[in-house]
Number of protein chains: 2
Amino acid sequence: MNALQLEEILKSNGYKMTNQRRAIIEVLCENIGKFLSAEDILNLSKDKCPQTNFSTVYRNLEILEELDLVHKTNMDANSTCFYEIIDLDNHHHHIICTKCGKTKAIDFCPLEMFKANIEDEDFELIDHKLELYGICSECKNKPKK
Amino acid sequence: MNALQLEEILKSNGYKMTNQRRAIIEVLCENIGKFLSAEDILNLSKDKCPQTNFSTVYRNLEILEELDLVHKTNMDANSTCFYEIIDLDNHHHHIICTKCGKTKAIDFCPLEMFKANIEDEDFELIDHKLELYGICSECKNKPKK
DNA sequence: ATTCATGCAAATGTTTTGCATGAGC
DNA sequence: GCTCATGCAAAACATTTGCATGAAT
């Protein structure tokens with residue numbers, strides 16, 4: 001999924017293309033595999049389109065979410081949410097370092113296993129969230145300050 | 001894990017037992033397997049100890065979290081957090097109905113599988129979050145309003 | 001010309017904090 | 001008596017919204 005593809009999808013859904021929107025989309029596409037906060041997205045977008053504003057970031061994230069183009073999550077259940085473009089061709093989960101926040105995509109997904117166990121019972125599965133937390137080797141080897 | 005056990009753990013960590021704290025603990029223990037919001041906990045605790053206050057609920061949840069006795073999550077990444085007592089003897093994940101919010105504990109956990117794949121690489125695994133989302137049979141059969 | 005998008009500032013909702021008071025040990 | 005816990009009100013924080021203006025089609 002690249003920025004131009006996203007632009008097409010948005011246009012075909014009746015959305016207009018603005019410099020702010022383009023900046024936000026590009027930032028998201030340049031950071032597939034990473035989690036960005038709304039603030040990260042704002043700051044990176046400002047490099048491309050300086051007048052980009054917080055409301056605009058949130059409003060665009062909302063649109064992208066509705067179109068199922070962005071995945072919203074929030075790491076360790078504190079208040080800040082993080083966003084990532086959904087790359088449908090490359091479904092993956094993450095392992096996240098609890099010290100420095102660095103993430104790494106992992107490609108194993110247990111969903112099929114669950115489907116076999118659960119689908120025909122009470123719930124029809126439609127989505128799932130899996131996040132692993134750990135300490136990356138860099139942080140593990142770093143002496144305590 | 002029951003309320004009395006929790007009281008002992010808190011006492012042995014130097015925390016005093018108050019009616020508010022006892023109410024909060026009891027509420028949490030009576031709702032293992034469900035997710036409660038801070039507001040839910042406040043309301044249910046008030047039935048047992050009417051003067052219980054929001055700050056007190058949050059402060060106690062913070063203590064319980066620090067002692068790894070409570071798990072904090074937030075369903076579908078909206079702002080409200082949900083809390084559940086960690087039942088160490090009975091590690092489980094949940095499937096959550098996206099229509100009505102009903103949850104169901106599931107006992108399959110893919111962690112061991114991941115450990116084999118990841119541990120000796122860049123990350124030392126210390127925690128994980130797995131949540132499944134679906135539509136429960138009740139909601140599936142309900143006619144659209 | 002019309003519709004959608006934006007910027008700003010104010011509002012929202014949850015969670016956190018400071019401080020004085022009160023309760024447990 | 002000392003320490004921890006609480007209640008209240010205010011602050012903090014991320015996110016959302018109303019409204020007037022501006023840009024895209």
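Note on naming: letters A, B, ... go to the chains in the order of the sequence lines (proteins, then strands), and numbering restarts at 1 for each one. All values below come from the heavy atoms of this structure, side chains included, with hydrogens, waters and symmetry mates left out.
- Take the nearest nucleotide of DNA chain D for Ile24(B) and for Phe54(A): the residue whose nucleotide is more 5' is Ile24(B).
- Residue-level contact check: Tyr15(A) touches the backbone only, with heavy atoms under 4.0 Å from sugar-phosphate atoms and none from bases.
- Atom CE in Met17(B) sits about 11 Å away from atom P in dG24(C), given to the nearest Å.
- Going from atom OH of Tyr58(A) over to atom P of dA9(C) covers 18 Å, rounded to whole Å.
- Following rounding to the nearest Å, Asn13(A) (CG) and dA5(C) (C1') show an atom-to-atom distance of 16 Å.
- For the atom pair CG of Leu36(B) and CD1 of Ile24(B), the computed distance is 12.0 Å after rounding to the nearest 0.5 Å.
- Applying the salt bridge (charged side-chain N to carboxylate O under 4.0 Å, His left out) test between Glu7(A) and each of Arg21(A), Lys16(A), Arg22(A) identifies Arg22(A) as the sole match.
- Distances shorter than 4.0 Å separate none of the side-chain N or O atoms of Thr52(A) from OP1 or OP2 on dT6(C).
- Taking only distance into account, the side chain of Ser55(B) meets the base of dT17(C) through a donor-acceptor pair shorter than 3.5 Å.
- Shown here for Asn2(B) and Cys29(B), the closest heavy-atom pair between the two residues is C-SG, 3.6 Å.
- The interatomic distance linking Leu36(B) (CG) with dT14(C) (P) rounds to 15 Å, in whole Å.
- Of all heavy-atom pairs between Leu42(A) and Thr52(A), the closest is CD1-O, 3.4 Å.
- Per the geometry, CG belonging to Leu10(A) stands 13 Å off C1' belonging to dA5(C), to the nearest Å.
- In terms of phosphate contacts, Gln20(B) brings no side-chain nitrogen or oxygen within less than 4.0 Å of OP1 or OP2 of dA23(C).
- Between Thr18(B) and dT6(D), a side-chain N or O to OP1/OP2 separation shorter than 4.0 Å is present.
- Rounding to whole angstrom units, CD of residue Gln51(A) and P of dG7(C) are separated by 6 Å.
- When rounded to the nearest whole Å, the span between CG of Asn53(B) and C1' of dT15(C) equals 13 Å.
- Checking Ser37(B) against Lys11(B), the closest nucleotide of DNA chain C that is more toward the 5' end is the one next to Ser37(B).
- For Arg59(A) against dG7(C), a side-chain N or O and a base N or O form a donor-acceptor pair under 3.5 Å.
- Here the C1' atom of nucleotide dG22(C) and the CG atom of Asn19(B) are 13 Å apart, to the nearest Å.
- Candidate nucleotides dT3(C), dA5(D), dA14(D) were compared by shortest atom distance to the side chain of Lys16(B), and dA5(D) ranks first.
- For Arg21(A), taking side-chain heavy atoms from C-beta onward, the closest of the listed nucleotides dT15(C), dT16(D), dT6(C) is dT6(C).
- For Lys48(B) and Glu30(B), the salt-bridge test passes: some basic side-chain N is under 4.0 Å from an acidic carboxylate O.
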